[in-house]
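Scope of the values below: all heavy atoms of this structure, side chains included, with no hydrogens, waters or symmetry mates. Residues: numbered from 1 along the sequence shown. Being a predicted model, the structure only gives us computed values, none of them experimental.
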Amino acid sequence: MMQSCQHAMHLGKFAGHNVAADVLGLDLAPFVPKAHVTCLDLGPAGEVVTTGWERTVQKTGEQSMSLKCQINSEWIYPSVDDADAILEHADCGGTWSMKAFLA
């Protein structure tokens with residue numbers, strides 16, 4: 001799969017889960033990416049959100065920039081003062097859905 005932050009975060013969740021599962025003698029969780037989304041800020045050239053390996057354009061301009069800012073400022077940072085929220089964010093079974101990108 002393509003190297004990108006969207007997959008890196010989820011791969012990290014699965015890696016952490018599988019290391020602990022291996023140490024405890026439990027079943028490993030297989031990683032299967034749910035979707036492929038590209039969300040790019042191209043500077044003066046604009047912004048774009050695409051979905052699928054064929055890169056179907058879903059959003060451009062302000063909508064795309066707003067999503068990119070939300071991803072960079074909210075989605076990739078777990079709550080640091082709420083243990084339950086941190087554990088929910090780290091759950092390898094709770095990966096993102098494409099609906100969030102298309103909303």
Side-chain angles (χ1 to χ4, degrees):
M1 101 178 40
M2 182 179 295
Q3 294 178 350
S4 70
C5 62
Q6 87 174 263
H7 296 304
M9 290 185 65
H10 302 294
L11 282 167
K13 291 178 185 185
F14 278 83
H17 172 91
N18 286 337
V19 166
D22 187 52
V23 168
L24 297 171
L26 302 173
D27 291 336
L28 304 181
F31 176 78
V32 178
K34 293 196 175 204
H36 179 68
V37 176
T38 304
C39 186
L40 295 173
D41 177 355
L42 303 169
E47 302 81 29
V48 64
V49 172
T50 66
T51 56
W53 297 106
E54 66 285 347
R55 293 185 172 87
T56 303
V57 174
Q58 299 293 333
K59 296 180 182 188
T60 60
E62 185 56 40
Q63 282 186 320
S64 180
M65 181 55 130
S66 176
L67 177 60
K68 182 69 174 178
C69 288
Q70 185 179 22
I71 290 167
N72 289 344
S73 63
E74 298 173 29
W75 292 17
I76 63 174
Y77 298 104
S79 170
V80 292
D81 17 343
D82 182 344
D84 290 333
I86 291 170
L87 290 173
E88 182 179 339
H89 189 77
D91 180 9
C92 71
T95 59
W96 59 272
S97 74
M98 194 176 296
K99 289 180 184 178
F101 286 90
L102 302 179

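The minimum heavy-atom distance linking Cys39 with Ser64 is given by the pair SG-O, 4.2 Å.
Checked against side-chain contact (heavy atoms from CB on, under 4.5 Å), Asn72 has the following partners two or more places apart in sequence or in another chain: Lys68. Under the rule for a side-chain contact (heavy atoms from CB on, under 4.5 Å), the partners of Ala21 that lie at least two apart in sequence or sit in another chain are His17, Leu26, Leu28. Thr56 pairs by the side-chain contact (heavy atoms from CB on, under 4.5 Å) definition with Thr51, Glu54, Gln58, not counting sequence neighbours.
Asn18 places a side-chain N or O within donor-acceptor distance of the main-chain N or O of Ala29, the cut-off being under 3.5 Å.
Cluster partners of Leu40, by chain and number: Leu42, Val48, Val57. The rule joins Ile, Leu, Val, Met, Phe, Trp and Tyr whenever side-chain heavy atoms lie under 4.5 Å apart. Side-chain heavy-atom separations under 4.5 angstrom define the hydrophobic clusters, and Val23 shares its cluster with no other residue.
Using a 4.5 Å cut-off between side-chain heavy atoms of Ile, Leu, Val, Met, Phe, Trp and Tyr, with links allowed through other members, Val49 and Ile71 fall into the same hydrophobic cluster.
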